[in-house]
2 protein chains.
Amino acid sequence: MANVTIKILAKELGLSTAAISKALHDSHEISESTKQRVLALAKELNYIPNPYASSLRHRKSNTIAVVLPDVTDSFFSEAINGIESIAIEKDFHVLLYLTHERAQREETILKEFKSGRVDGIIMSISSETTNFDCIHDTFSKNMPIVFFDRICEQIDTAKIITNDFESGYLATRHLIEQGCKKITFLSNSDSLLITKNRKEGALKACLENAIEESFLHVKLDCYANEFDSEKIEQLLTSEQKPDGIVCCIEKFTPNVYIVCRKLGLSIPKDIKVLSFSNLNTAIILNPSLTTITQPAFEMGKAAATILIKSIEKKSFILKDETITLPSTLFIRDSTTN
Amino acid sequence: MANVTIKILAKELGLSTAAISKALHDSHEISESTKQRVLALAKELNYIPNPYASSLRHRKSNTIAVVLPDVTDSFFSEAINGIESIAIEKDFHVLLYLTHERAQREETILKEFKSGRVDGIIMSISSETTNFDCIHDTFSKNMPIVFFDRICEQIDTAKIITNDFESGYLATRHLIEQGCKKITFLSNSDSLLITKNRKEGALKACLENAIEESFLHVKLDCYANEFDSEKIEQLLTSEQKPDGIVCCIEKFTPNVYIVCRKLGLSIPKDIKVLSFSNLNTAIILNPSLTTITQPAFEMGKAAATILIKSIEKKSFILKDETITLPSTLFIRDSTTN
DNA sequence: TTGAAAGCGCTAACAT
DNA sequence: ATGTTAGCGCTTTCAA
């Protein structure tokens, strides 16, 4: 691979490597005629520049890292589409790293970025992450980071989020309007800001309707499926059995549906269920699932746009700035009578 | 970023850069005591090797490319998980490229790989791809490629697939056993081998039951949602209206369900539907969806394992070898009376 | 307009 | 056991 080098072109044309390099970059120092000759030969020999050689010189890799908890979540995979659409446009390459919701993995990944492998990072932190030293450390070493969705408040950089508090509020208010009096918030984390905000929003709706006494916050483990089922079953057979559930993450929905079926609980009659989700099967679930759908693609796009801008123009500095794109509540059968 | 270099360590310790390099690689040429000193300082100064410098020397990037049509498809996102699990283990990095089912994009992406940016490629070709010159070209330049699922027969390399013919056959036989007499195969491509094989399998089942006359092959455009809906509606209101549908790709399912609902067709009573899919919401659809589920994670794992082996040991040459992992038919309500 | 030379950071052959 | 040197492929002064 990559055998045709500038050196070869130079020898072939009786020019210096410097001249070739300049010609290839359309430098004004080089005459039109030589440029033509160089371009022609480059094309003929199928010259392709070695990206690592020029990375080494430039200290720029034209590569960004995308660090995510879970690529099978529809929100994240759509966000990747958004990121990729910009990367392609700006001629950037995308390294994908998955944390699988583990803080430990995240740390290892982030440390590696101090190597200069990437010019910037787009990330959504894991549900476990509580210590931000490592993130802060690589960020403070001049590595641009843009957070999206699961942001890290403590880092003074750009953040792309949705209106989580409001979404939690509207979702819960909707449940209450549909007659729910005992709301449970199925959470994926005790630490994530988005989860906290969604929960706070939910709680506000409960408070406004004086049903905060029965509000429950139940944390499930995103990566222990059977265990989750048990926990849901416990919940739904306990004294505190809710009549309305807000799932913080789409992954919980199948278990909730299945346990309800097993227990003979009808959705939405006995219990109403709603989830944050971007799944396009939501509409054909049984019953169709009311969702809060985030603008995943747009968020990815925004994150990539800002990140790449900050990489390309050093005058553009990532401010501690939060861009909020609104989510949409799609009301479907799982919450309506 | 990446400011601490071997040179700095060398100066600091009064050693040559060569000695540092060897010490860091635990060479037997270096005394234990200096190794200790070097390691200690490296740790203290937080030395992190520049990957591009060593890539340049070694002509090895420890990076693989994953080229996919669509990251939001549950099959592909699970496959990424499998690939990533091996990449992490073997200390490889993963560059993600999406073709969005466009041959043109695929070609551009593949050409770039001649630059030496990656040591190998894992790919699943687009539904449009009919010309393999470009793939062949980069493959013949000594770039290892492993195909999975949507393979390219013409290239003499390793391929990880599932038993597509058999799956198509079993799926269709199942439909016929459930009483279907007019089967339609909703296809995503006219060229993909997997699609052809699935269809052939389906046809075989029809032939065995003498209902091949009514067998239909309808191709939908993966990226034109409304258009697909129309086409499905046409199909379901035509003379040739099937009583059994095999979806080649999960993306078609929502439209099929929705159109059926719109037309007042009951699944499974009036029409039975089945799809190739890895969605874990299949079980809670209305009705729950019968699926052929491919071992996506394992396929990704297998592809990455083989690719990386061929990168690491030059003695291991990718043979034109096909590894077939079996899919599973999960029978659910969408096909049973 | 072109070339010579140095160097990005790391490594490997060949001294010492 | 350690150092010297050259070079991976490309870019960028600076000199011609």
Side-chain angles (χ1 to χ4, degrees), chain A residues 1-39 41-42 45-63 112-119 141-142, chain B residues 1-39 41-42 45-63 112-119 141-142:
Chain A
M1 290 271 66
N3 23 26
V4 183
T5 67
I6 266 188
K7 216 166 159 182
I8 293 177
L9 298 182
K11 187 183 284 181
E12 203 76 15
L13 292 175
L15 288 169
S16 72
T17 59
I20 303 290
S21 174
K22 287 171 189 165
L24 290 172
H25 288 90
D26 201 26
S27 159
H28 58 275
E29 297 180 44
I30 301 292
S31 73
E32 263 318 306
S33 61
T34 15
K35 273 186 199 168
Q36 295 310 323
R37 289 204 303 143
V38 172
L39 269 304
L41 185 67
L45 299 187
N46 218 323
Y47 166 75
I48 297 178
N50 180 315
Y52 297 138
S54 68
S55 284
L56 187 56
R57 273 288 334 214
H58 281 131
R59 284 115 180 295
K60 177 148 184 303
S61 61
N62 266 48
T63 304
E112 219 273 339
F113 295 152
K114 291 187 205 163
S115 70
R117 186 182 295 275
V118 298
D119 298 335
K141 290 230 167 46
N142 231 357
Chain B
M1 290 271 65
N3 23 26
V4 183
T5 68
I6 268 189
K7 216 166 160 183
I8 293 177
L9 298 183
K11 187 184 283 181
E12 200 77 15
L13 292 174
L15 289 168
S16 73
T17 59
I20 304 289
S21 175
K22 287 172 188 164
L24 290 172
H25 289 89
D26 201 26
S27 157
H28 57 277
E29 297 181 46
I30 301 292
S31 73
E32 264 315 306
S33 61
T34 16
K35 274 185 198 168
Q36 295 310 322
R37 289 204 304 145
V38 172
L39 270 302
L41 186 67
L45 299 187
N46 219 323
Y47 166 74
I48 295 178
N50 181 314
Y52 297 137
S54 67
S55 284
L56 188 55
R57 269 298 325 218
H58 282 132
R59 286 113 179 295
K60 177 152 185 300
S61 61
N62 267 48
T63 303
E112 218 274 338
F113 295 152
K114 293 189 206 161
S115 69
R117 187 183 293 277
V118 298
D119 298 335
K141 290 231 167 45
N142 230 356

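Naming: A, B, ... by sequence-line order, numbering from 1 per chain. As the structure is a computational prediction, the values presented were derived from the model and not from experiment.
Between B:Ile20 atom CD1 and D:dA1 atom P the separation is 16 Å, expressed in whole Å. Between the NZ atom of A:Lys11 and the P atom of C:dA4 there is a distance of 14 Å, rounded to whole Å. The distance between atom CD1 of B:Ile6 and atom P of D:dT2, rounded to the nearest whole Å, is 15 Å. If you measure from atom NZ of A:Lys114 to atom P of C:dG9, you get 18 Å, rounded to the nearest angstrom. D:dC10 atom P lies 11 Å from atom CD1 of A:Ile48, rounded to whole Å. At whole-Å resolution of the value, CG in A:Leu13 and P in C:dT2 are 11 Å apart. Whole-Å rounding puts the B:Leu9 CG to C:dT11 P distance at 12 Å.
A:Ser55 comes within contact range of no nucleotide atom at all, as no heavy-atom separation falls under 4.0 Å. Within the 4.0 angstrom heavy-atom criterion, only backbone atoms of the sugar-phosphate kind lie near B:Ala19; the bases stay farther away.
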Find every protein N or O atom lying less than 3.5 Å from an N or O atom of nucleotides 6-8 of chain C, and list the pairs.
residue, atom, partner, partner atom, Å
C:dG7, N2, A:Arg57, NH1, 3.0
C:dC8, O3', A:Arg59, NH2, 2.9

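For the OP1/OP2 pair of D:dG3 and a distance below 4.0 Å, the side-chain nitrogens and oxygens of B:Ser16 include at least one atom meeting the criterion. A sub-4.0 Å separation between OP1 or OP2 of D:dT11 and a side-chain N or O of A:Tyr52 is absent.
The shortest heavy-atom contact between B:Val4 and B:Ile8 is CA-CD1, 4.1 Å. Of all heavy-atom pairs between B:Thr63 and B:Arg117, the closest is CB-O, 4.0 Å. When every heavy atom of A:Leu56 is checked against every heavy atom of B:Ala53, the shortest pair comes out as CD1-CB, 3.7 Å.
Pairs passing the salt bridge (Lys or Arg N to Asp or Glu O under 4.0 Å) check and including a residue from residues 4-21 of chain B, sequence neighbours excluded, do not occur.
Residue A:Leu15 places its side chain closer to C:dT2 than to any other of C:dT2, C:dA4, D:dT2.
Side chain of A:Ser61 to backbone of A:Ser55: no donor-acceptor contact under 3.5 angstrom is found. Side chain of A:Ser115 to main chain of B:Asn50: no donor-acceptor pair is present (N/O by atom type, distance under 3.5 Å, no hydrogens or angles).
A search for side chain to side chain contact (heavy atoms under 4.5 Å, CB included) contacts involving A:Pro49 returns A:Tyr47, not counting sequence neighbours.
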Please report, to 0.1 Å, the donor-acceptor pairs under 3.5 Å made by any side chain of residues 18-26 of chain A, with sequence neighbours excluded.
residue, atom, partner, partner atom, Å
A:Lys22, NZ, A:Glu29, OE1, 3.4
A:His25, ND1, A:Ser21, O, 2.8
A:Asp26, OD1, A:Lys35, NZ, 3.0

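Remark: B:Thr5 OG1 to B:Ile48 CD1 distance equals 13.0 Å, nearest 0.5 Å. Expressed to the nearest 0.5 Å, how far CG of A:Asn3 lies from NZ of B:Lys114 amounts to 10.5 Å.
Comparing the end axes of the helix from C:dT1-D:dA16 to C:dT16-D:dA1, each fitted to five base pairs by superposing C1' atoms of four pairs onto the next four, gives an inter-axis angle of 50° (nearest 10 degrees).
Residues of residues 21-32 of chain A having a heavy atom closer than 4.0 Å to DNA chain D, listed by number: A:Ser21, A:Lys22, A:His25.
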